[in-house]
Amino acid sequence: CGKKEEAAAPAAAPAPEAAAAAEPLKIGFMYVSPVGDGGWTFQHEKARQALQAEFAGKIETSLVESVPEGPDAERVLRDMVGQGNKLVFATSFGYMEPVQKVAAEAKDVKFEHATGYKTADNVRTYDARTYEGAYLAGIIAGGMSKSGQIGVVASVPIPEVLRNINSYVLGAQSVNPKITARVVWVNEWFSPPKESEAATTLINGGADVLYQNTNSPAVLKTAQERGVRAFGKDSDMSAYAPKAHLASAEINWLPYYRKITQDTLAGTWSTGQDWWGVKEGAMDLVSIADDVPQELKDKVAAAKAGLKDGSFHIWKGPLKDNTGKQLLAEGANGDHAFLSGINFYVAGIDGTVPG
Ligand code: GUN
């Protein structure tokens, strides 16, 4: 009888490989603003929580919020590696160099960097096609602006942000070719007081429909206080200022996070670069206000359908910058290289791109 028990014992204890496989995959998320920013980071956090619920038992996620872009980011990434994370999502542009540095030291960890362009064997980049949401919002802005002048509160002057500004204005001009636009830069991703101040400057200058590329709903709230209209970006911001809110260009990070998690669990993760948009279910214009005319809603729906099936191109010639220089000739479409290098303002935008 005792012998029988001994014989059964090895079968009951899991083999070392099985034990390893049963360990949940540790995934770290690093955020530049607080999870309660109501925009960019909140939306990543929403996806993290959904991911955790979906892969319960298979993954163990954690987060560090309000991590400045720079040396702090490097320290946090090293901590994440030290704590056993094997997959790390670093969710702001300025984490690009810290990710490169730490990834070179931690070859057994996969790094996912949002909005950057530098890869490595264990670094992949990803982004949402936020310019598609900006274009859809622009369609509504073009139809709703009474002054004919719209405005954008911009964060940091990188191609991604310039894509969004230009795309918003192109969307507006598709409805009203006479639309002009102004841009105020705050040089930060998250600073509600500065975002609000920039919105005030734009409103004082005559802009009556605002967009923003910053992380909080401050611009939208300021618009409401001043009796003009604005959009939510990255997450649905309608609840923050329902009177001003026209629509929100919302990102859904979950499909991408799901795919990367599945790939990592299956051992099929590999480096690459992905931009997901309307087509992949990663970008949408949501909570369109009731007073937006049906005609504009129909135009949004048509553009969305065209983005989905690939028949509609936002970046198409003839396209000129605001100095009259031709960017795309008649019949040409902007490709990935063109989009990655955008450093201009299209015709109709006042001013010059910060150097
Ligand atoms: N919004 C769009 N892109 C970014 C980014 O890279 N970082 C932050 N914080 N917000 C963004």
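Keep in mind it's a predicted model, so treat the numbers as computed, not measured. Just so you know, ligand 1 is whichever comes first in the structure, and atom 1 is the first atom listed for that ligand.
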Examine the side chains of Glu160 and Trp275 and answer whether a donor and an acceptor come within less than 3.5 Å of each other. no
Is the distance between the ring centroids of Phe190 and Tyr31 less than 6.0 Å? no
Please determine, by modelled atom types, if Gln83 and Asp79 share a side-chain donor-acceptor pair under 3.5 angstrom. no
Okay, side chain of Asn215, backbone of Thr41: is any donor-acceptor separation there less than 3.5 Å? no
Hey, which of Ile27, Leu25, Leu265 is the one that makes side chain to side chain contact (heavy atoms under 4.5 Å, CB included) with Phe55? Leu265
Expected rows: ligand 1 N/O, protein N/O, dist below 3.5 Å:
residue: ligand 1; atom: 3 (N); partner: Glu160; partner atom: OE1; Å: 3.3
residue: ligand 1; atom: 3 (N); partner: Glu160; partner atom: OE2; Å: 2.6
residue: ligand 1; atom: 6 (O); partner: Phe93; partner atom: N; Å: 2.9
residue: ligand 1; atom: 6 (O); partner: Thr115; partner atom: OG1; Å: 3.0
residue: ligand 1; atom: 7 (N); partner: Ser92; partner atom: OG; Å: 2.6
residue: ligand 1; atom: 9 (N); partner: Ser92; partner atom: OG; Å: 3.1
residue: ligand 1; atom: 9 (N); partner: Asn215; partner atom: OD1; Å: 3.0
residue: ligand 1; atom: 10 (N); partner: Trp40; partner atom: NE1; Å: 3.4
residue: ligand 1; atom: 10 (N); partner: Asn215; partner atom: ND2; Å: 2.9

Whether the Ser196 and Thr222 side chains hold a donor-acceptor pair (N or O, under 3.5 Å, no angle test) is what I'd like checked. yes
